[in-house]
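Quick note: numbers below take in every heavy atom, side chains included, and nothing from hydrogens, waters or symmetry partners. Every chain is numbered from 1, with letters handed out A, B, ... down the list of sequences.
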Amino acid sequence: MDKAYQPTEVEDRLYKKWIREKCFLGKIETDKPAYSIVIPPPNVTGVLTMGHVLNNTIQDILARRARQQGKSVLWLPGTDHAGIATQTKVERALKDEGKSRMDLGRENFIDHAKLWRDKHGGIILEQLKKLGCSCDWERNVHTLDEDYSRAVISAFVKLYKKGYVYRGQRMVNWCPSSLTALSDEEVIMKPQESILYKIRYQILETPGAYLEVSTTRPETIVGDVALAIHPDDPRWINLQGKHVMRPINPQAMPIIADEAVEKDFGTGILKITPAHDRLDFEIAQRHDLPMLEILNPDGTLNELAGPDYAGMERFSARKVIADKLREDGNLIEEEKHQNNVGFSERADVPIEPRLSEQWFLKYPRVEEAKKAVKDGHIKFYPKRWEKTYLHWLDNIQDWCISRQLWWGHRIPVWYKKGKMRSDPANWHISEKPPSDIDQWEQDEDVLDTWASSWLWPLATMGWPEEEAMGEKGLDYFYPTSALVTGPDIIFFWVARMIMAGLEFKGRPYKSDKAIPDSEIPERIPFNDVYFTGIIRDEQGRKMSKSLGNSPDPLDLIAKYGADGLRHGIMSIAPKGQDIRFSEERIEQGRNFCNKLWNVSRFRSMSAQLEDNSILELIVLRIQGDVLNEDDQAILLRLVETLDQVEKLYGEYEFNAVLQTIYRFFWNDFCDWYIEASKARVQESASKDTCLAIQDICLRHILLLLHPVTPFITEELWFLLGFANGNSIQGMAPGTGAELLEKLSIGGLQLDTNVLDEMEHIRELVTSMRSLKADRNLSNNREVAFSYVASDEKADILSRHSKSILTTVGGSALNRVDVAPTGMPALVTPFGAIYLDLTVGVDLSAEKARLQKELVNLEKIVQSVKAKLNNQAFTSKAPPEIIEGARHQLLENEAKLNETKEALSALT
RNA sequence: GGACGGCUAGCUCAGUUGGUUAGAGCAACUGGUUUACACCCAGUAGGUCACAGGUUCGAGUCCUGUGUCGUCCA
């Protein structure tokens, strides 16, 4: 074995072996419980980020743990076609060649995009393999696969037939950069420093009188059709029915009254631009005002804006029109103003509210989706996201699902050629095109990407084809066991998958009929949802490509190993909190692996390895009469650790799991047990027993760690002889009770009292080390110690004296009747312990130290005494707390006396 | 404007239903290559638990308010 663990070779070799042995295939084995996870499909052309590392490490931990527990596990991988993102990338590449998608035409463009996808796509999947992800790669799914596409189209048709899908002329969020409509969820509100312009409009009926109106968007004045006031606003009550002159492209416009006007904003008068503002649109509809559309799809002004402005880009037009207003004396005031502006999530440009004909979806199963979470059929971890989820569902708006893109699932709607498209009589909506296809033309649009990925848990498992569902095990693996994702897509994806599952899984219900409660558990797509935190950089900024602050996970893997990266990232991932990334933690992950490697190496160097393939065989090597307190204590701590880990996994407390294992492995096992057993392994009487205990501990440590660090644990599993040819993957660490039972077949009974005793011994050892260290004697093994103690305590000490001296590094531990004079001392659970020094003691420094301790102890004794004398405490506090306080008092009083004695012995 | 979350050692964070003297890792400092590991070991120091009130025998923990940072929704 190498002195330092070398992950690269091990990881590549073992991953190949696991694939070769088909360890990750999700098999339908009805005699076993199923455990399934569907991966949140990354963008097909994306690359691995730290967010993916976190997310997928967690999924892998869950999958591997379930495999250890003997479940039949399916972790289903795949990728998302990511409509806008991918199309944008492909178009950008085309642009570099001087071409546009229009030059290619739809079909050529899609072929081109597919080539692009096949070339750049799937990189991320290879990266996941490097990370060690145990996905069933034979079931890899892409959302544009033929089967998957059929499912998407089928869902659309089903929803249309049930009346959930409709086409309508509506205000939508328009992205002038991507040239498509977006859903509300794809609009990011960002606070912006804008200018609030106060503009005057002349009142026609009262020449010379003006109304002042505030707006941040003066370029839309050319689209104004009215001014509006609140009907209850006393300032403007007599303006109703009068008219004003539009200051740009002068034209008379009515003044109307509408309750939607905000009285307190600006002057309380609102300009109405119906075609370019959602609220204005609603008001205009109520008042039967004309729509004046002055913007082109790309955000430039059109002919209706007038010859002076036509063709001008929207933000230039804003300046030009403001200048014109100023020139004409119609601009009263400009002030800085912070407002929220909606940006396109993908293109990051301000969106334009625009009147447009689109396909909309009225969400199915909203009530049932709420119920599924409220009634606990779906559990969120952490729970507080439930509130966010329910709030969104309570305020849910219809979903604009058509996108003016080519990369995606083309909407299965055909229109009669030459007829009105808005009339449903001229529609053919079906999975199959009409038979007289040349009489029809298909809708040019594609579906929102999320309108395909919301079917992910269903469509990846064969839905809606009966045969495919059987083959892929929909009934066996669905609902999936857990979903692991970020809270940023709770609306985009999580909520929508829940609604899709409720609507489509199982037998159909009419849209006005609720799904019966009894069917909710089998229709929901997953039982648990674990929301990860968002990974931030060391300054707390969100990691992003544009900031360049995200490290490349592959670099980290090369530097620290996949196991090191996984361990590191998991140890800093508190439940539901954002994660501050730090490379130091990844380094710690690597160090952890190295420590594990070395303690295993040490074990293999101590003696020939025995047959370790079955736990019982190891247990039988233990001789009950040789078993000492160290042995008992480490086994008891192992029992505790097994149970704690089990419990913490149930609550998805991953970093607590890691901490628990770390403590047992590093502090209890390496720092204490291994050190203490060094002497005993040298003696033939205790050697076998001691090594057997080491083997039991190592075996369970490997099993506990395997989900987190799969490579090194598998490697050591073989090297330490636990394997007997079999991978660690199918072995469970088991519970504490199971371990106790196995131990009992060797006739071993553990006494939990030794835990306290060992705790005291460890305190003693720490004190003794400290006595030495403070005098720079830590490398001197010839120092002697003396102590004064009762018979009972002396008895314990004599039993442990050997390991105490080994671990402390001392030559003798002598019991004396009276405190020796002039020696430095510390008070321990066993009384005062004296460092036997013949020379060089700084008496005044020793005194000062003991004096300080004395003050501290007196303070504690005082406060506990006061507490016990307080009748309110003794009458109200529970008995065990009072008992604890009494105990504390006795203990500290004893210490106090010892300290006094040690102090007086100094002089 | 509303909702949620954070504020504990220099840094990153634990701290379960209120109950002994508030913990860990990293960093710092001191010492150390003793038959695993310097990717290591031992030791030391470091905290008015954001602030102000309140409930309680007892508050980091519960309640109210304030500040501050962040996220989401308007």
Quiz item: Could you write out RNA chain B as a dot-bracket string, with dots for unpaired bases, | for bases paired across to another strand, and Watson-Crick or G-U pairs counted at under 3.5 Å?
Solution: (((((((..((((.....[...)))).(((((.......))))).....(((((..]....)))))))))))).
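- Counted by atom type alone, A:His800 and A:Glu757 present one or more donor-acceptor pairs between their side chains at under 3.5 Å.
- Using a 4.0 Å heavy-atom cutoff across all strands shown, A:Lys867 reaches no nucleic acid atom at all.
- Counting heavy-atom neighbours within 6.0 Å of A:Lys370 NZ, excluding the residue itself, gives a total above 12.
- Residue A:Ala877 is in base contact, counting any heavy-atom pair closer than 4.0 Å across all strands shown.
- Across all non-hydrogen atoms, the minimal contact from A:Asn55 to A:Gly486 is ND2-N, 4.2 Å.
- Taking atom P in both B:rG19 and B:rC29, the straight-line distance is 37 Å, to the nearest Å.
- Against the 90° criterion about 0, the sugar-base torsion of B:rU34 places it in the syn range.
- Rounded to whole Å, the P atom of B:rG60 lies 13 Å from the corresponding atom of B:rU48.
- The gap from the C1' atom of B:rU33 to that of B:rA38 amounts to 8 Å, rounded to the nearest Å.
- Scanning both residues, A:Gln644 and A:Thr660, for their nearest heavy atoms gives OE1-CG2, 3.1 Å.
- Nearest-nucleotide assignment on RNA chain B puts the 5′-proximal partner with A:Phe592, out of A:Phe592 and A:Asn870.
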Practice problem: Determine, for nucleotides 68-74 of chain B in 5'-to-3' order, which nucleotides have protein heavy atoms under 4.0 Å from the base (write B), from only the sugar-phosphate (write S), or from neither (write -). | Solution: --SS-SB
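- A gap of 16 Å separates the P atoms of B:rU61 and B:rG65, to the nearest Å.
- Rounded to a whole angstrom, the distance from the C1' atom of B:rG25 to that of B:rG46 is 15 Å.
- The gap from the C1' atom of B:rA28 to that of B:rA45 amounts to 9 Å, rounded to the nearest Å.
- Residue A:Lys595 is in base contact, counting any heavy-atom pair closer than 4.0 Å across all strands shown.
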Quiz item: Which letters describe nucleotides 43-48 of chain B, given B = protein heavy atom under 4.0 Å from base, S = only from sugar-phosphate, - = neither?
Solution: SS----
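- Residue-level contact check: A:Cys670 touches the bases, meaning some heavy atom is under 4.0 Å from a base atom.
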